[in-house]
Amino acid sequence: MLFYILLSALVALLVYFHISIRYSRQGRMLSKIPGPFSFPIIGSLHLFTDRSQRGLWITIRMITDTWYPICKGWAMGLPLLSVRHPDDLEVILSSQKACYKKFPYKYLRSWLNDGLLTNKGDTYRARRRMLTSAFHFNMLRRYVDIMNEQSGRLMTELRANGKEIVLDVLPIYADVSLNIIIGFLQFNWYHLTSVRQIVIKKEYSYFNTESAMGIDLDKTDKKVIKDYKEAIEDMGTVLIYRMLRPYILDWMMTPFTEIGRKQIHALKVLREFTDKIIKERRKYHEMLGGIKGYKEFTDSLENQDESESIYAIGHKKKLPMLDILLSAEKDGLLDEKGIKEEVDTFLLGGTDTTRMVMAYFTMLMAENKECQDKARAEVCELLERSGGKTGMTELSQMPYLEQCIKESMRLYPIASTIFRHTVDDIQLKNYTIPAGVVVICHIIDAHRDPNFWTEPEKFDPDRFLPENCRHRHSFAYLPFSAGPRNCIGQKFGWMEVKAVCSRLLYNFYLEPIDSTRDMQLIGDFVLRPADPFHTKFIRIDRE
Ligand code: HEM
């Protein structure tokens, strides 16, 4: 008897839950938008029968193609709206009413907390303003040296493989991108000249000069970096797992489940890595007499003389990323937790992204020989004069290489899908959407929409000739997103990718082994191939 009473109560509760959601103002507004059939409670989750990462990718593509250009869905009471048309993307990404992030970014909060990627409101705006100065042109100029050094080192390693070698391109760029971002955070040692500083760097650098700056990773660092990369991959798996099972709440991520154990272990590794980077930088400043406050630093920016030496401690005019955070801490604008959140965020935002852009560029150059030769001719003309190095001047004079990278990022946008949460009603092209909806922005579908790109599957860098871009919808191409929450690191990432890709073409001919036509894609933090992808590298020997 008791069983039947409880069962009836449960059914009544579920019916109430269903009616109160679907027939609310929000539900009624969404009902006008087309979409797949939604069952009570589970909504459209029944479509996701294959819950692997491959299955997820295929189902989502099926949904966005079938219900072009907009569709709604439900998942355990959560209203979802899928958009891909540039007009709708423009409204969503430009709107202050939709610059919030909840699902699925909330699954990253156990790691990134209030870091820039996951934060919102006034704290977000204050931090974004503060961190923007790390990407000032004068700072970017200095980072070029790190990029040069790192890409040179990668080429030396690749060249040591012999005249010809077939490699899986996916892991190739992992170390170079991680080392460059550590260099960006710490800006260690590079431009420090005093003897005292050189002694300090040897004694106190956890990521000693060799590892952080990439001359030679020693064994300890290699293990640390391998574990770190695996932990990021594990967090990607956790993210997808939880996106498909929104009923799993944070408190359920315990050591008693496999997925809980995976997250706990990954977070431990990620935290240790970040703590070490911060600890090392603190020690460095202690040795040099302490860091200035943020206010003193920003005041001095006002009167900056471009030619001035900016690196000697005590005379800083611009700071590397981690020093901005430490100086903000000194002025009470940020605490230790905030520093960690931003370091974690930048490590995530700045490694897998650039690394995968380089990988797709390599695959596509190998498959498109004419474009490869043309880009190489441009690069060689510049690099033969500079002794193989890429300074700011060289990087600004590679228009065709840029077109090739842009076209790679069109076909394979690293952030293929991003999400926003509406906090007010918003008028899209054909529908008004209510507050409280998760908007899924399918950037990859906009990049391959035949209404905006002729023969969208074809690799054609000439699409990015200035005369061909002029009349294109400005939201048909969004590799770095757009609007108030666009990529803060785009100039840095763009420079890094050019530095590495130009050196690649200068050092190697590329030939296809696997084909991008057969490549199965999956998406977690970034868009990746599901399987290894092989390309042949043929060394170019010069006198
Ligand atoms: C070529 C490589 C890169 C691509 C394609 C890329 C793409 C993107 C995209 C599409 C977003 C928006 C994500 C969203 O709304 O969910 C984003 C955000 C972000 N990116 Fe990048 N990114 C790249 C490189 C970098 C680098 C090198 C850094 C750091 C140095 C970085 C740091 C960030 C951060 C912190 C955010 C969050 C910004 C905010 O919400 O205010 N990215 N990136």
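All values reported here derive from a predicted model rather than from experimental measurement. Numbering starts at 1 and runs along the sequence shown.
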Using salt bridge (charged side-chain N to carboxylate O under 4.0 Å, His left out), reason through Lys374 and Glu370 one step at a time and then give a plain yes or no. CA-CA 6 Å; Lys374 189 168 168 188; Glu370 249 179 57; over 6 Å; no
So, Asp87 and His473: side-chain donor and acceptor under 3.5 Å apart, yes or no? yes
Using a strict 4.0 Å threshold on nitrogen-to-oxygen distance, state whether Arg517 and Glu457 make a salt bridge. no
Please determine, by modelled atom types, if Asp445 and Thr64 share a side-chain donor-acceptor pair under 3.5 angstrom. yes
Distance-minimising heavy-atom pair for Leu170 and Met363: CD2-CE, 3.8 Å
Kindly assign one of parallel, tilted or perpendicular to the pair Phe464 and Trp453, based on the angle between their ring planes and the thresholds 30° and 60°. tilted
Is a salt bridge present between Arg539 and Glu164, judged by a nitrogen-to-oxygen distance below 4.0 Å? no
Side chains of Ser474 and Glu90: is there a donor and an acceptor less than 3.5 Å apart? no
Over 12 non-hydrogen atoms of neighbours within 6.0 angstrom of CG in Asp65: yes
Thr351-Ser177 side chain donor-acceptor pair, cut-off 3.5 Å: no
What's the shortest heavy-atom distance between Met495 and Val144, and which atoms? CE-CG2, 3.2 Å
Using only heavy-atom distances, determine whether the side chains of Tyr360 and Thr516 contain a donor-acceptor pair under 3.5 Å. no
Regarding Arg485 and the six-membered ring of Tyr124, is the cationic atom NZ or CZ under 6.0 Å from the ring centre and inside 45° of its axis? yes
Any salt bridge between Arg127 and Asp114, counting N to O under 4.0 Å? no
Minimal non-hydrogen separation, Ala476 against Phe452, with atom names: CB-CB, 4.2 Å
Fit a plane to each ring of Phe492 and Phe184, take the angle between them on a 0 to 90° scale, and name the class: parallel (under 30°), tilted (30 to 60°) or perpendicular (over 60°). tilted
Return yes if a side-chain donor-acceptor contact under 3.5 Å exists between His534 and Asp514, otherwise no. yes
Aromatic ring centroids of Phe103 and His421 under 6.0 Å? no
Give a yes-or-no answer on whether the side chains of Asn148 and Arg503 include a donor-acceptor pair shorter than 3.5 Å. yes
Would Asp50 and Arg54 satisfy salt bridge (charged side-chain N to carboxylate O under 4.0 Å, His left out), going step by step from the backbone distance to the final call? CA-CA 8 Å; Asp50 179 352; Arg54 290 167 196 250; over 6 Å; no
Pair His442-Ser416, side-chain donor/acceptor within less than 3.5 Å: no
Would Lys389 and Glu394 pass as an ion pair if we require N to O under 4.0 Å? no
Whether Asp425 and Arg25 form a salt bridge (side-chain N of Lys/Arg under 4.0 Å from carboxylate O of Asp/Glu) is what I want to check. yes
A cation-pi test, strictly: NZ or CZ of Arg448 under 6.0 Å from the centre of the six-membered ring of Tyr412 and no more than 45 degrees from its axis. Yes or no? yes
Take Asp175 and Lys229, measure what salt bridge (charged side-chain N to carboxylate O under 4.0 Å, His left out) needs, and give me the verdict at the end. CA-CA 9 Å; Asp175 283 358; Lys229 285 186 292 203; 2.6 Å; yes
Looking only at non-hydrogen atoms, find the nearest pair between Tyr431 and Lys32 and report the distance. CE2-O, 3.3 Å
Taking atom types as modelled, is there a side-chain donor on Arg159 or Asn507 under 3.5 Å from an acceptor on the other? yes
Cation-pi between Arg61 and Trp57: NZ/CZ under 6.0 Å from ring centre and within 45° of the ring axis? yes
Is it true that Tyr68 and Asp449 share a donor-acceptor pair across their side chains at a distance under 3.5 Å? yes
